[in-house]
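Report on one structure; see the data block that follows.
Owing to the predicted nature of the structure, the values given are computational and were not obtained by experimental measurement. Residue numbers count from 1 along this sequence.
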Amino acid sequence: DESSDRGDKTWDADLGRHLKSGVEVSVGDLLAQRETVPLADLFGKRRRAACPVNAYGFWHFDPAGTGIEYLPPEGTKGWNYWRAAPAMTVPRLVELFDALLDFTGAKSLKLKAGVFDPETEVQAMLAFRDAYPSIRLTLDPNGCWDVATSLWVLNELKGVIDYIEDPTWGIENLASVQKAVPTRIATNMAVTRFKHVKPALRAGLDLIVLADPQFWGGISAALEVARLCGASGWGLGCHSNNHQGIAMMTTATLGVLVDDSILYDFDTHYPYSRPQYEVVDNPPLIHGGAVEVSDVPGLGLRLNWDRL
């Protein structure tokens, strides 16, 4: 429904689009199995064997004493530990990303920002630059900064970050930021409908649209976004929510279909998922910073009905 909009919500709650994506992938999985081809082949030509993903990490608060029940860390080191260990200082955040980069093999990282004051988060990005000189860096404050704060952060991080995601709210504000400090901007908040493309182009924005197939209405809708990005000179990435195996493979299927000229590493929260809560017997794996899309017919996953 192009007449709908997310309003002032940070979360896109258009249930119809989410349902359309679920139906498209489910029916597509059955059709592809019948035709004995991978699901990706129903949508077009695969450009690569695997979908590149970034190492997407967060500040982790310590739930001790809060009364909030969280699963505890597992062990004392590695990603099994850092997946749930507190990380509320820059040094601990660097340790967290050490483990996450080692676990994923990713070539880029993203920090969910807008948590602490901007000065602290700039310090975190500078620490990442020093710790990982060959890794591409970005951060996402979820639109919570005003224009002035966004400009200050971007000036402090010139030459440090690859791009920034949704530093402030709305197309007009993003355009004001980009005109003052030319830095590519990724978004899953300002351009979330096809009707938003024209105003963004008129504003002169240079964007990376994070075309999550589950938010845009399926793989076919996300591929239409990719075509628009290619025609507009924009880039294309993918927003992530709490991926489990089916959602991760749906996203990876999109990622192998997008042209190299516009593709950015996809976001994924998948490393945060606990294996014991997976509902497929052959969950996707992240190797070398990418999720492979196999030649197995359909989506390539075997549902575990008992776990479901």
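In this structure, Tyr264 shares a hydrophobic cluster with Tyr163, Ile208, Leu210, the cluster being traced through Ile, Leu, Val, Met, Phe, Trp and Tyr side chains under 4.5 angstrom apart.
Nearest heavy-atom pair, Gly255 versus Leu263, reported as atom, atom and distance to 0.1 Å: O-CD2, 4.1 Å. For the pair Pro213 and Cys238, the tightest heavy-atom approach, listed with the atom from each and the gap, is CD-SG, 3.8 Å. Looking at every heavy atom in both residues, Pro63 comes nearest to Thr66 through O-OG1, 2.6 Å. Closest non-hydrogen pair, Ala211 versus Val225, comes out as CB-CG1, 3.9 Å. Annotation for Cys144 and Gly114: closest pair SG-CA, 3.6 Å, computed over non-hydrogen atoms. Here the closest heavy-atom approach between residue Gly218 and residue Ser21 is recorded as N-CB, 3.5 Å.
Under a hydrophobic-cluster definition in which Ile, Leu, Val, Met, Phe, Trp and Tyr are linked whenever side-chain heavy atoms come within less than 4.5 Å, directly or via other members, Leu39 and Val27 are assigned to the same cluster. Cluster annotation: Met88 and Val90 are assigned to the same hydrophobic cluster (Ile/Leu/Val/Met/Phe/Trp/Tyr, side-chain heavy-atom contacts under 4.5 Å, transitive). Following chains of ILVMFWY side-chain contacts shorter than 4.5 Å, one cannot reach Leu285 starting from Leu101, and the two form parts of different hydrophobic clusters. Hydrophobic clustering of Ile, Leu, Val, Met, Phe, Trp and Tyr side chains at less than 4.5 Å, counting indirect connections, unites Leu223 with Phe194. Taken together through direct or relayed side-chain contacts under 4.5 Å among Ile, Leu, Val, Met, Phe, Trp and Tyr, Leu30 and Val23 form parts of separate hydrophobic clusters.
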Could you give me the CA-CA distance, side-chain angles and deciding distance for Trp79 and Leu100, then say whether side chain to side chain contact (heavy atoms under 4.5 Å, CB included) is met?
CA-CA 6 Å; Trp79 183 242; Leu100 182 54; 3.7 Å; yes
Intermediate values then yes/no, side chain to side chain contact (heavy atoms under 4.5 Å, CB included), Asp295 and Arg46:
CA-CA 11 Å; Asp295 290 325; Arg46 283 182 278 173; 3.0 Å; yes
Applying side chain to side chain contact (heavy atoms under 4.5 Å, CB included), run through Tyr277 and Leu71 and close with a yes or a no. CA-CA 12 Å; Tyr277 298 113; Leu71 290 172; 3.6 Å; yes
ask   = Can you check side chain to side chain contact (heavy atoms under 4.5 Å, CB included) on Arg83 and Glu74, steps first, answer last?
value = CA-CA 8 Å; Arg83 181 191 280 124; Glu74 299 171 354; 4.1 Å; yes
- Message: Working note: Arg17 + Asp212, criterion salt bridge (Lys or Arg N to Asp or Glu O under 4.0 Å); need CA distance, chi angles, decisive distance, verdict.
- Response: CA-CA 11 Å; Arg17 290 168 187 268; Asp212 185 332; over 6 Å; no
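Scanning for ring-ring contact (aromatic ring centres under 6.0 Å, His included) contacts around Phe61 gives Tyr70, with sequence neighbours left out. Remark: Leu301 engages Ile246, Met249, Val280, Asn282, Pro284, Leu299 in a side-chain contact (heavy atoms from CB on, under 4.5 Å) (not counting sequence neighbours). For Glu69, there are no side-chain contact (heavy atoms from CB on, under 4.5 Å) partners two or more places apart in sequence or in a different chain.
Each of Asp162, Thr138, Asp265 was evaluated against Ser108; a single residue qualifies, Asp265, per the side-chain hydrogen bond (donor to acceptor under 3.5 Å, both in side chains) test.
Between the side chain of Ser294 and the backbone N or O of Val296, at least one donor-acceptor pair lies under 3.5 Å. Between the Glu24 side chain and the Ser220 main chain, a donor and an acceptor come within less than 3.5 Å of each other. Counting only distance, with no hydrogens or angles, the side chain of Trp145 and the backbone of Leu151 share no donor-acceptor pair below 3.5 Å. In this structure, Gln178 contributes its side chain and Asp206 its backbone to a donor-acceptor pair below 3.5 Å. Put simply, the side chain of Asp29 never gets that close to the backbone of Val25: no donor and acceptor are under 3.5 Å apart.
Contact check for Leu139 versus Leu157: side-chain heavy atoms found under the 4.5 Å cut-off. Residues Val258 and Arg47 are not in side-chain contact: their nearest non-hydrogen atoms beyond the backbone lie 4.5 Å or more apart. At a threshold of 4.5 Å between non-hydrogen side-chain atoms, the residues Leu205 and Thr187 do not count as touching. Counting only heavy atoms from C-beta outward, the side chains of Arg129 and Met125 never approach each other to under 4.5 Å. Counting heavy atoms from C-beta on, the side chains of Leu257 and Ile219 come closer than 4.5 Å. In this structure, the side chains of Ser150 and Pro118 stay at 4.5 Å or more apart for every pair of heavy atoms. Counting heavy atoms from C-beta outward, Pro271 and Thr104 have side chains that approach closer than 4.5 Å. Contact of the Tyr270 side chain with the Thr251 side chain is not registered, since no non-hydrogen atoms from C-beta on lie closer than 4.5 Å.
Among residues at least two apart or in separate chains, ring pair (Phe, Tyr, Trp, His ring centres under 6.0 Å) pairs with a member in residues 111-137 are Trp59-Phe116, Phe97-Phe128. Residue pairs meeting the salt bridge (Lys or Arg N to Asp or Glu O under 4.0 Å) criterion with at least one member in residues 116-127, sequence neighbours excluded, do not occur.
Rounded to the nearest 0.5 angstrom, Thr192 OG1 and Trp216 CH2 are separated by 6.5 Å. Residue Tyr56 holds its OH atom at 6.5 Å from NE2 of His239, rounded to the nearest 0.5 Å. The CG atom of Leu154 lies 11.0 Å from the OG1 atom of Thr149; values are rounded to the nearest 0.5 Å. If you take CG on Asp267 and CD on Glu165, they are separated by 6.0 Å, rounding to the nearest 0.5 Å. Atoms CG and NZ, on Asn54 and Lys107 in that order, are 12.0 Å from each other to the nearest 0.5 Å. With values rounded to the nearest 0.5 angstrom, Leu174 atom CG is found 6.0 Å from Asp166 atom CG.
Heavy-atom contacts from other residues, nucleotides or ligands closer than 6.0 Å to CD of Glu172 number 12 or fewer.
A salt bridge links Arg48 to Asp260: at least one charged side-chain nitrogen sits closer than 4.0 Å to a carboxylate oxygen.
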